[in-house]
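Scroll down for the structure; my scribbles are underneath it.
We count residues from 1, following the sequence as given.
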Amino acid sequence: MILEKVINKIEIQSEYKDFVDKYIDNVLTEFKGKIHSIYMCGSIPKGTATPFKSDADFTIVCVDPKDIDYERLSKIKDRLLEEYPVLTKIDTIICSMDDVLSKPNEWGFWVKIICVCVYGQDIGEKVPPIIISPEFIVDLNKETKDEVDRIHHSLSDASDPKMKMRYIKGYSKRLIRALYSLVLEDTGVWEDDMVKMKNAILDYCKIDSALVDYLYACYLDSHVHVEEFLGIADEVYRYFENTLNAMAASRTSLG
């Protein structure tokens, strides 16, 4: 079964078009000649963004990520956030052309399936069709442990209430996405709708439904005690890790 693209048509709402154009222009001017292409994912390119609630998610593809200085990029984001208060935040991922082409089940998946090109030549078109399989699911989650550990530590160390809420929301979303990846062979599609993800997990994952409902509730409303949340998050991740390891072992034995 071949995985299809999440966003087939760019439908940016009028209140965000000027922002997207300015982000692209600013990045191209600041890093002249260094950018191959720029992509977006999430609610803004889908045309479902909500002012003062939605954020902007960009991915920059270049020859060498070292050419993109994060401090200079942060200044661009800070200026645009001040100019466009309808946005809650601006996130930017940077990867190389080689990452996309040499890691089709990781960066290739991200650019080809999750993102849509808003500037330049779409390198995702050069990524071969992605076949849903245990091998793909295992490859897709190669960096999940590092990402989860990073968010876990950031949340544990956070003192600012707003940052705690942001980390809890992000951590909940990341775990739900990880769980959803385990049921791709059952669903046959990659969802970016959190309700549909949650329902598919409840339908196909052999995990306590109360844990999934708790994560989803924290995604919607992050006013929870950090210690309580981390305990649930750790339990969810253990289930995910055990299931993924079993999948990897099965793949190895079949190979």
Would you call [X] and [Y] a salt bridge, taking side-chain N to carboxylate O under 4.0 Å as the test?
X      : Y      : answer
Asp192 : Arg177 : no
Asp149 : Lys145 : yes
Lys75  : Glu30  : no
Asp139 : Lys142 : yes

Would Trp190 and Ile130 satisfy side-chain contact (heavy atoms from CB on, under 4.5 Å), going step by step from the backbone distance to the final call? CA-CA 11 Å; Trp190 182 268; Ile130 295 176; over 6 Å; no
Might you work through the side-chain hydrogen bond (donor to acceptor under 3.5 Å, both in side chains) test for Glu228 and Tyr214, ending with a clear yes or no? CA-CA 11 Å; Glu228 175 188 89; Tyr214 179 87; 2.8 Å; yes
Counting only heavy atoms not in Glu83, do more than 12 sit closer than 6.0 Å to its CD atom?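 Counting other residues, nucleotides and ligands, CD of Glu83 exceeds 12 neighbours.
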Under the side-chain contact (heavy atoms from CB on, under 4.5 Å) criterion, do Val27 and Ile24 qualify, and how do the steps go? CA-CA 5 Å; Val27 168; Ile24 294 170; over 6 Å; no
Worked verdict on Thr92 versus Tyr23 for side-chain hydrogen bond (donor to acceptor under 3.5 Å, both in side chains): CA-CA 11 Å; Thr92 303; Tyr23 177 92; 2.7 Å; yes
Do you know which two heavy atoms are closest between Val100 and Cys95, and how far apart they sit?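 So the minimum-distance heavy-atom pair works out to CG2-SG, 3.8 Å.
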Please tell me whether Asp18 and Tyr84 have a donor and an acceptor in their side chains that are separated by less than 3.5 angstrom.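 Yes.
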Kindly say whether Cys115 contributes a backbone atom to a donor-acceptor pair with the side chain of Lys5 at under 3.5 angstrom?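 Yes: the side chain of Lys5 pairs with the backbone of Cys115.
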Examine distances only and state if a side-chain atom of Ser181 and a backbone atom of Ala178 form a donor-acceptor pair shorter than 3.5 Å.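 Side chain of Ser181 to backbone of Ala178, a donor-acceptor pair under 3.5 Å: yes, one is there.
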Whether Lys173 engages the ring of Tyr219 as a cation-pi pair (distance to the six-membered ring centre under 6.0 angstrom, angle to the ring normal within 45°) should be assessed.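 Negative - Lys173 is either too far from the ring of Tyr219 or too far off its axis.
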Taking it one step at a time, do Tyr16 and Phe19 satisfy ring pair (Phe, Tyr, Trp, His ring centres under 6.0 Å)? CA-CA 5 Å; Tyr16 296 99; Phe19 156 71; 7.4 Å; no
Ring centre gap for Trp110 and Tyr39 strictly below 6.0 Å: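 No; Tyr39 has its ring centre 6.0 Å or more from that of Trp110.
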Ring centres under 6.0 angstrom apart (Tyr171, Phe229):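 Centroid distance Tyr171-Phe229: below 6.0 Å, so yes.
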side-chain contact (heavy atoms from CB on, under 4.5 Å) between Tyr204 and Glu185, intermediate numbers included: CA-CA 10 Å; Tyr204 299 111; Glu185 288 187 291; over 6 Å; no
Counting C-beta onward and ignoring hydrogens, is there a side-chain heavy-atom pair between [X] and [Y] closer than 4.5 Å?
X      : Y      : result
Tyr167 : Asp157 : no
Leu28  : Lys34  : no
Leu202 : Asp213 : yes
Thr144 : Phe240 : yes
Lys169 : Ser222 : yes
Ile207 : Val212 : yes
Ile137 : Met247 : yes
Tyr216 : Met197 : no

Does the pair Met1 and Ile131 meet the rule for a side-chain contact (heavy atoms from CB on, under 4.5 Å), with working shown? CA-CA 6 Å; Met1 189 179 298; Ile131 309 298; 5.9 Å; no
Dump the intermediate steps for side-chain hydrogen bond (donor to acceptor under 3.5 Å, both in side chains) on Ser96 and Asp99, then the final yes or no. CA-CA 5 Å; Ser96 70; Asp99 283 334; 3.2 Å; yes
